[in-house]
Every structure is written in structure tokens, then in C-alpha cells.
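Here is how names work: the chains are called A, B, and so on, in the same order as the sequence lines, proteins then strands, and each is numbered from 1. What's counted below: heavy atoms across the whole structure, side chains too, no hydrogens, waters or symmetry copies.
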2 protein chains.
Amino acid sequence: MVLVSNNDSATSHAIADDLKDRILEGKYKPGMRLIQDELAIEFKASRSPIREALRMLEADGLVTIKTHSGAWITELDFAEFEELYQIRERVEPLMLRLSIPHLTTKLIKELEATLEKLNEATTVQQFLKLDREFHLLTYEGAATSYLGEIVQRMWNTTQPYRRRYSQILEREHFTSAHLEHTLLMKAIKRADLDDAERILYGHIRRTRLELQDQAE
Amino acid sequence: MVLVSNNDSATSHAIADDLKDRILEGKYKPGMRLIQDELAIEFKASRSPIREALRMLEADGLVTIKTHSGAWITELDFAEFEELYQIRERVEPLMLRLSIPHLTTKLIKELEATLEKLNEATTVQQFLKLDREFHLLTYEGAATSYLGEIVQRMWNTTQPYRRRYSQILEREHFTSAHLEHTLLMKAIKRADLDDAERILYGHIRRTRLELQDQAE
DNA sequence: TTAGGTCTGATTGCATCCAATCACAAGAAA
DNA sequence: TTTCTTGTGATTGGATGCAATCAGACCTAA
């Protein structure tokens, strides 16, 4: 289960990947409109592949298309953001459970290295990037077809908001996250499925509640 | 949250809806190939809207597209079917929890009527149709944007397989389902969120395990 | 001033044509 | 016989032009 890159030769896929990066990096902000002609000119292609790319991004939840009207970068209100976190609480522990038994020693080494870098992160930028990397890596052992898609999609759509809201988080949050990540790592290493599930559930839940508190 | 019909004027949407019905009704069987030209002729349209419709169905998980190769009705192996049931076990109880507090008395009346018909169903066909109707109705109170999509998508993709596998289920299964549905209805009426979640979780889980037993 | 209607430019949706790619069959070599 | 190569038809991907639709400005009437 590769939750990272996606190499498909067709230009529509290439365009979709490129746009996806821009959205995840925050270059394209939620609510921004995308105009087919402009994109076509920029990518030196016709509107056909652009349209297909937009449909793919729509499937990823990154873009919202309204018939005869246009395409916008998906915009979440806080309720939707919260909803996605609630789904994550339920779904990611399952994916972790399915993954742990198939994690190779190589992957575990990689996980530990990422965790170390994560603990040393100083900027919010770094923290977000490494946090994402760490969690998605823990799922790499799951040979799932649908679960992986769902999880990836949720990480993608919430990405711009994690960036936005994490600015308001207290220092306290990062130390809690640090402790939970360490506990999670230990549970993974001794292949304790129930414990790992529980820690992850609590980790996501606590983050949601903290964001909830800060946001009002 | 309307999990039933979808009225969008654009022809690509109309085509997508039509194809969707055919797949869910079992006219188009998993593994069957879809050829753009043939569909274009049948729908008296060009290939552009057909292509868009296929992309939409891909997003719904009903169709699988391979670049430069073609489109097929999505085919699940048993492992994927099981995976989807595991996700349902985690996700649908959450949706039920979010729904119950907002169920109107009108909806509850409708639910009871559906349950009554469901208990009187004699053929497998009827059972499947009413079972789907009953469960999706219990979620109708949830004002969710993503959860609803996910749940609906899982019901859609597993539909052909529910039909296939339910043929091999014992009479025993239907009486268990009956009892669980009745318990669920009671929990819903007294708005007992925890109990409702637990019953639904067990209901989906038991079905999965029974199918697992029968299938090997 | 404000509400409603109409017009117009911008943009999307669809049709058609051509190019790129693939799958499969037929043939050649071992 | 088996395996590899090559070529050809079928099918998908992309480009271009036109029609349909929408949003916003402008005008008119109350």
C-alpha cells in the first residue's frame, strides 16, 4: 500500500498530481476558483485533460465541482473538519491494526527515524510534514484497497486546515503529541494491536477536542 | 442528508445515474467491460459526457478505470468484501450516533413501517432491498457531508456481492437479523446512543463472520 | 432607493476529429 | 511446440470549435 507517490503516464493524471501538490502545499487556498482555460494554458494542454483531472481531484475531495458553474478548492467549515476527525478516530485504528502484523523491519527503522526527526522539529511546517509522514508510514503494512483510499482522502482534505488551526495550538499540544507518538511506536514494536488502536484513537480524539477548544 | 436520489440536469450526471442503477440492479455484472463508443451510441451522446460519467462512477467505486485500457464494473474479491464490512463496522455506528438525535417522528414512523415489511419479506430480493432501505433510513438524521458519502459508497460497491452471497445464507441468518433489527429499532426510539451503536456493530460483524464461514 | 428584469461577456458542457496506445493474432526463429 | 517479434484493428486520450448556461452589470419602474 503506497500512500505517497502516484506515477501514471497519462497527462490528465500528471496534471491532477501537480494540482494536488499545490493544494496540499497551500499554494491554492480553500475557496479559490479554478478556471479550465487558465489551467489549460498553463499546462500547455487542452481543456479535456484538465476536466478529467478536476474530476479526479473531486473524487479525492480536494476540489468541488458545480455543474455549469465551475470548480473550487474544497472549503471546509469547522463542523466538517470535526466530522472528518471523528471518522478518522474510528477508521485509522482499524487500518493500524491491519497494518502492524505486516510491517517489515525496514519500515520500522524508517518509522523510528521519522519519529526522531519529528521530535526535533522546531517549526509548525516541519511538524505537520513529519507528523503526516509518520502516521501514514504506520499504515504502510495494510494491504487494503478501500481503507487506504479513505484515510488518504481524509488527510488530504484536512491538510489546509491542519495548517491553519495548528497555528493556534499551545506548546502543550506538541509535547502531548510527542508522548503519544512515542507510546504508539512502542506498541507497534511489540505488535500490541489493542494497545496501538487505543493510543491512536486517543491521539486523534485529543487533537480534535483541543482544536475545538481553541477554535471558539 | 438524502441518500436516495440525485437530480442534476447535466447529461453526464444523467448518464452516470442511469449506469449506476444498472449496476446496483445487477444488470451490469462485476468484471464486465464498458466501451465508451457503445455507451455513446446507446445514450445518443458523444464520448465526452460518457467519459465524465465513468469518472464519476469511479469516484463512487462502482467502476474501475485503467489508463489507455478501459473501464470495468468494479470486481471485489472476498478479501476486499470483508475489508469493506470491517470499515462498515467502525463507521456506521458513528453515523447512527450522529443521526439518532435528529430523527423526526415522521422518519421514525417510516422506519417502523419499513421494519414491518422487512420482517414479512419472503424472497431474498425483497429482503435485500428493504434491509438497505431500513439501514439507510436510520442514518437520515445525520447532517454529514463526508460520512454519508463513505457509507453510501460502501453500500453501493458491496451491493452485487450481498446479492451473490446472501443466496448461500441459512434461514438462521434471517431470524438473527430480524431480532437485531428489532432491538435496534427499540434503541433508536429511546435514543440510547451507546446501545444503538453496540447493536449495529454486532449486527454488521455477525453478518461478516457468517458470510466468511459460508464462503469457504 | 430598491426590486425586478434584461442583456452580454465569460465560462462550462458537448460534439467531432485526429493521435497515441494497447491487446491480440499471426508469423518467424529456436 | 514454445517463445519472441511484429503488425494491425479496436479503443482510449487529447485538441479544437461550437452551443448552452450562468453571473454580474446595467437599466427601468415603482
Backbone N or O of G26(B) within a donor-acceptor pair of the K29(B) side chain at under 3.5 Å?
-> yes
When the distance from NZ of K66(B) to P of dT12(D) is rounded to whole Å, what number comes out?
-> 13 Å
Short side-chain to backbone donor-acceptor contact, E92(B) and L200(B), under 3.5 Å | no
To the nearest Å, how far apart are W72(A) CH2 and dA23(D) P?
-> 7 Å
So do Y28(B) and L62(B) actually touch side chain to side chain, heavy atoms under 4.5 Å?
-> no
Any L184(A) side-chain heavy atom under 4.5 Å of H203(A) side chain = no
Y161(A) side chain to F81(A) backbone, donor-acceptor under 3.5 Å | no
Please report the closest heavy-atom contact between T74(A) and G61(A), naming both atoms and the distance.
-> OG1-O, 3.0 Å
Using atom NE2 of H68(A) as one end and atom P of dA20(D) as the other, report the distance to the nearest whole Å.
-> 10 Å
Closest non-hydrogen atom pair between T11(A) and P49(A), with its separation | OG1-CB, 4.2 Å
Answer yes or no: does a side-chain N or O of S69(A) lie under 4.0 Å from OP1 or OP2 of dA23(D)?
-> yes
Atom CD1 of I15(B) and atom C1' of dC14(C) are separated, to the nearest Å, by 10 Å
dG13(C), dA23(D), dG14(D): which one has an atom nearest the side-chain heavy atoms of T11(B)?
-> dG13(C)
Judged by atom type as modelled, is there a donor-acceptor pair below 3.5 Å linking the side chain of T158(B) to the main-chain atoms of M154(B)?
-> yes
Pull out every residue in residues 44-52 of chain B that has a heavy atom closer than 4.0 Å to any atom of DNA chain D, ordered by number, or say none.
-> R47(B), R51(B)
With a 4.0 Å heavy-atom cut-off, tell me which residues in residues 28-42 of chain A come close to DNA chain C, sorted by residue number.
-> R33(A), L34(A), I35(A), Q36(A), D37(A)
Under 3.5 Å, is there a donor-acceptor pair linking the side chains of N119(A) and H181(A)?
-> no
Rounded to whole Å, CD1 of I65(A) lies from P of dC14(C) at a distance of 12 Å
For atom NE2 of H13(B) and atom C1' of dT12(C), their distance in whole Å | 13 Å
